[in-house]
Amino acid sequence: MRVSDQITATARTNSEALLRWVLKADALVTGANGIAYLALAGVLTDVLGHPVSVQHAVGAFLVVFAIAVGVIATRPVAGRAAVRTVIAVNVTWVLLSIVVLGAGAVEATTLGRVWMAAQAAIVAVFAAIQAYALKPR
């Protein structure tokens with residue numbers, strides 16, 4: 001085996017490990033967030049200002065998405081199409097968050113708006129790392 005082949009194989013292995021790690025982190029953070037929205041909606045309404053109905057809808061989506069991402073992360077081979085779908089959903093989340101924040105489409109306290117922006121930033125980082133790790137080496 002040539003040195004260049006070894007370097008390519010090592011880079012591919014490192015990318016796969018990074019991809020699995022970021023998918024698992026995405027699933028954990030997303031799932032925790034979704035569960036919090038579902039279980040603590042009444043308390044969070046006072047803090048974030050988001051209506052309970054919005055928190056329940058978003059929480060349910062996040063829990064289902066987290067389960068899907070977790071399944072993808074734990075497969076023997078993370079399918080490229082499945083990972084691209086995760087990235088697309090994450091990018092869509094970021095874009096919708098920007099639109100919702102800009103339009104004031106959901107009631108929110110100042111902390112609620114900061115929380116939405118922080119979530120969007122974290123999701124953008126997940127999407128960027130996932131896209132980077134998915135690139136062929």
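Throughout, numbering of the chain's residues begins at 1 and tracks the sequence.
Under the 4.5 Å side-chain heavy-atom criterion for Ile, Leu, Val, Met, Phe, Trp and Tyr, Val58 and Leu95 are members of the same hydrophobic cluster. Residue Trp21 is grouped with residue Leu19 when hydrophobic side chains (ILVMFWY) are merged at heavy-atom distances under 4.5 angstrom, including chains of intermediate members. Under the 4.5 Å side-chain heavy-atom criterion for ILVMFWY residues, a single connected hydrophobic cluster contains both Tyr132 and Val29. One hydrophobic cluster, built from ILVMFWY side chains closer than 4.5 Å, holds both Ile98 and Leu62. Residues Leu96 and Val86 fall into different hydrophobic clusters, defined by Ile, Leu, Val, Met, Phe, Trp and Tyr side chains chained together at heavy-atom separations under 4.5 Å.
The side chain to side chain donor-acceptor pair (under 3.5 Å) check on Arg75 picks up nothing, with sequence neighbours excluded. Scored by the side-chain contact (heavy atoms from CB on, under 4.5 Å) test, Ala73 finds Leu23, Lys24 as partners (sequence neighbours excluded). Taking Val63 as the reference, Ile35, Leu38, Ile67 meet the side-chain contact (heavy atoms from CB on, under 4.5 Å) condition, with sequence neighbours excluded. For Arg20, the side-chain contact (heavy atoms from CB on, under 4.5 Å) test picks out Ala78, with sequence neighbours left out.
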Quiz prompt | Pair Thr30-Val69, side chain to side chain contact (heavy atoms under 4.5 Å, CB included): steps then yes or no | solution = CA-CA 9 Å; Thr30 300; Val69 174; over 6 Å; no
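Taking both residues in full, the closest heavy atoms of Ala27 and Gly70 are given as CB-N, 3.6 Å, listed atom of the first, atom of the second, then distance. Here the shortest heavy-atom pairing between Ala82 and Ile72 reads CB-CD1, 3.8 Å.
Pairs engaging residues 51-65 under the side chain to side chain donor-acceptor pair (under 3.5 Å) rule: Thr45-Gln55 [sequence neighbours left out]. For residues 78-89, no pair satisfies side chain to side chain donor-acceptor pair (under 3.5 Å), with sequence neighbours left out. Listed by first and then second residue, the ring pair (Phe, Tyr, Trp, His ring centres under 6.0 Å) pairs involving residues 60-109 are Phe61-Phe65 (not counting sequence neighbours).
Just one of Ile87, Asn90, Val94 meets the side chain to side chain contact (heavy atoms under 4.5 Å, CB included) condition when paired with Phe126; it is Asn90.
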Which donor-acceptor pairs under 3.5 Å do side chains of residues 109-123 form with protein atoms, sequence neighbours excluded?
unit_1, atom_1, unit_2, atom_2, d
Thr109, OG1, Val47, O, 2.9
Thr109, OG1, Leu48, O, 3.1
Thr109, OG1, Leu111, N, 3.4
Thr109, OG1, Gly112, N, 3.0
Thr110, OG1, Arg113, NH2, 3.2
Arg113, NH1, Ala108, O, 2.8
Trp115, NE1, Tyr37, OH, 3.0
Gln119, NE2, Asn33, OD1, 3.4
Gln119, NE2, Tyr37, OH, 2.9

